[in-house]
Amino acid sequence: MILVKNIKDTTGRTPAGYNSWLEFWEKKTGLKANKCNNVACYNTRDLVGAHVIKANSTDQKWYIVPLCKACNAKTDSFYIAGPMVPVN
């Protein structure tokens with residue numbers, strides 16, 4: 001499990017060569033996003049490719065993970081499971 005925080009104001013950006021950040025995550029990992037990666041959430045609907053950073057870390061890279069829209073709107077830190085795909 002990794003402690004992460006959402007990055008604000010990233011809606012509307014689309015990765016070059018992909019239709020969405022969720023598609024980007026799926027292509028890079030070879031996995032199908034079928035549930036929210038927040039370990040405290042089991043939502044399987046309204047998934048997005050969310051921009052997150054590792055919380056309490058010196059690693060300032062941005063990552064994409066599948067989250068439901070509700071978890072993508074969280075302002076506090078939370079734990080995720082599953083692969084994180086770096087975007088910078």
Side-chain angles (χ1 to χ4, degrees):
M1 291 189 306
I2 300 169
L3 186 64
V4 299
K5 249 186 122 154
N6 285 311
I7 301 171
K8 296 179 185 180
D9 301 323
T10 59
T11 302
R13 298 179 183 199
T14 305
Y18 300 91
N19 293 317
S20 69
W21 285 107
L22 194 58
E23 179 188 356
F24 173 85
W25 182 89
E26 289 178 334
K27 298 280 185 185
K28 296 290 185 180
T29 63
L31 301 171
K32 175 73 176 142
N34 55 12
K35 75 174 205 70
C36 181
N37 277 19
N38 180 346
V39 298
C41 180
Y42 298 97
N43 196 348
T44 59
R45 305 174 93 191
D46 298 321
L47 298 178
V48 298
H51 291 80
V52 298
I53 58 170
K54 292 178 182 175
N56 304 326
S57 174
T58 57
D59 179 356
Q60 293 302 303
K61 289 182 185 174
W62 289 20
Y63 296 91
I64 298 296
V65 296
L67 295 178
C68 68
K69 288 183 179 179
C71 288
N72 191 33
K74 293 175 77 60
T75 57
D76 55 329
S77 299
F78 54 95
Y79 285 97
I80 62 156
M84 300 170 60
V85 176
V87 293
N88 66 350

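The chain is numbered in sequence order, starting from 1.
- The shortest distance between side-chain heavy atoms of Ile64 and Lys28 does not fall below 4.5 Å.
- For the pair Leu31/Trp25, a side-chain contact is recorded, criterion being any heavy-atom separation below 4.5 Å from C-beta on.
- Here Asp59 pairs with Lys54, Ser57, Lys61, Tyr63 under the side-chain contact (heavy atoms from CB on, under 4.5 Å) rule; sequence neighbours left out.
- Hydrophobic clustering, with ILVMFWY side chains joined whenever heavy atoms are under 4.5 angstrom apart, keeps Val48 apart from Val39.
- Minimum heavy-atom separation, Leu47 to Cys36: CD2-N, 3.6 Å.
- Hydrophobic clustering (ILVMFWY, side-chain heavy atoms < 4.5 Å, transitive): Trp21 and Val85 are in one cluster.
- Between Val52 and Trp62, the closest side-chain pair of non-hydrogen atoms is not below 4.5 Å.
- Rounding to the nearest 0.5 angstrom, the gap separating the NZ atom in Lys32 from the CG atom in Leu22 is 7.0 Å.
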Quiz: residues 65-81 side-chain donor-acceptor pairs under 3.5 angstrom, not counting sequence neighbours:
none

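- Surrounding NZ of Lys35 are more than 12 heavy atoms belonging to other residues, nucleotides or ligands, all under 6.0 Å away.
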